[in-house]
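Working notes, beginning with the structure itself.
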Amino acid sequence: MTTPETTLGRRLLRHIRDIPDFPKPGVTFKDITPLLADPAAFAELVEALAGLCTRYGATKVAGLEARGFVLAAPVAIRAGVGFVPIRKAGKLPAATLTESYELEYGTAQVEVHQDAFTEQDRVLLVDDVLATGGTAAAGLRLVRRAGATVVGVAMLLELGFLGGRARIEHGLGGVPLDVLITVD
Ligand SMILES: O=P(O)(O)OC[C@H]1O[C@H](OP(=O)(O)OP(=O)(O)O)[C@H](O)[C@@H]1O
Ligand SMILES: Nc1ncnc2[nH]cnc12
């Protein structure tokens with residue numbers, strides 16, 4: 001069952017397609033490329049996420065590689081704040097902090113530059129999909145280890161049946177999790 005949280009969520013969901021058995025049998029992949037290709041839908045999404053930056057007083061937007069980059073970078077520009085990439089291991093050139101996590105379909109590590117934030121930074125963490133929550137949890141740990149304050153976590157789509165929200169609840173520590181669409 002699909003439960004769009006808002007009328008915006010309902011509109012955006014029309015541009016997300018299901019790809020069965022990708023990247024492995026049994027996984028239904030939520031493909032956001034049609035949404036990205038629709039300028040009106042993409043702009044609405046960016047506007048909504050940029051509004052969260054204002055609401056929470058964010059000074060930086062951190063995006064999770066790779067699809068999180070595509071959303072977080074325009075959100076940062078729209079909100080007038082800086083963008084910080086949280087990358088898969090081995091991609092960032094300067095000194096990094098590293099966190100390991102598990103995916104719906106594998107395991108991985110993410111990294112951030114040690115000097116990406118100041119202690120004054122208030123960070124909105126952005127990604128496209130909350131599945132098992134491993135990526136978001138690792139991102140939360142990284143931002144905090146880098147010395148900044150997480151003021152919000154924002155996702156386009158939550159796969160509710162995978163339990164990511166419950167898994168990251170402790171790590172959120174009261175920080176708001178905003179999701180535009182929940183798929184049950
Ligand atoms: O909640 P989780 O179980 O951690 O899964 C969610 C993550 O999985 C996807 O990224 P993926 O690692 O597939 O990388 P991509 O963005 O480079 O495609 C998605 O973009 C999230 O970052
Ligand atoms: N089913 C899925 N579709 C798209 N992105 C994902 N990330 C983790 N699981 C996913």
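When a ligand or atom number is given, it counts from 1 through the structure's own listing order.
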Would you check whether Lys30 has a nitrogen or oxygen atom less than 3.5 angstrom from a nitrogen or oxygen atom of ligand 2? yes

Non-hydrogen atoms of Ala76 and Gly82 that approach each other most closely: CB-O, 3.8 Å

Do Val61 and Val123 have side-chain heavy atoms sitting under 4.5 Å apart? no

For the residue pair Val183 and Lys30, establish whether any side-chain heavy-atom pair is separated by less than 4.5 Å. yes

With side-chain contact (heavy atoms from CB on, under 4.5 Å) as the test, pick out the partner of Leu156 among Asp127, Ile16, Val126. Ile16

Which of the ligand 2 atoms, numbered from 1, are nearer than 4.0 Å to a heavy atom of Ala131: 8 (C), 9 (N)

Specify side chain, backbone, both or neither for Glu65, according to which of its non-hydrogen atoms lie closer than 4.0 Å to ligand 1. backbone

Which is it for Thr28 and ligand 2 at heavy atoms under 4.0 Å: side chain, backbone, both or neither? backbone

Will you find, in the side chains of Glu102 and Thr107, an N or O donor that is under 3.5 Å from an N or O acceptor? no

For Arg67, the ligand 2 atoms whose distance to one of its heavy atoms is below 4.0 Å: 4 (C), 5 (N)

Quick one: does Leu64 get a heavy atom under 4.0 Å from ligand 1? no

Pair Thr59-Asp121, side-chain donor/acceptor within less than 3.5 Å: yes

Flag side-chain contact, heavy atom, 4.5 Å: Thr96 against Val112: no

Any idea which of Asp127, Leu159, Thr135 brings a heavy atom closest to atom 22 (O) of ligand 1? Asp127

Do the side-chain N and O atoms of Thr98 and Gln109 include a donor-acceptor pair separated by under 3.5 angstrom? no

Looking only at distances, please establish whether an N/O atom of ligand 1 is found under 3.5 Å from an N/O atom of Ala131. yes

Ligand 1 N/O within reach of Tyr101 N/O, cut-off under 3.5 Å: no

For Thr132, the atoms of ligand 1 under 4.0 Å from one of its heavy atoms are 1 (O), 2 (P), 3 (O), 4 (O)

Short N/O distance, under 3.5 Å, between Val129 and ligand 1? no

Does Gly133 have a non-hydrogen atom less than 4.0 Å from ligand 1? yes

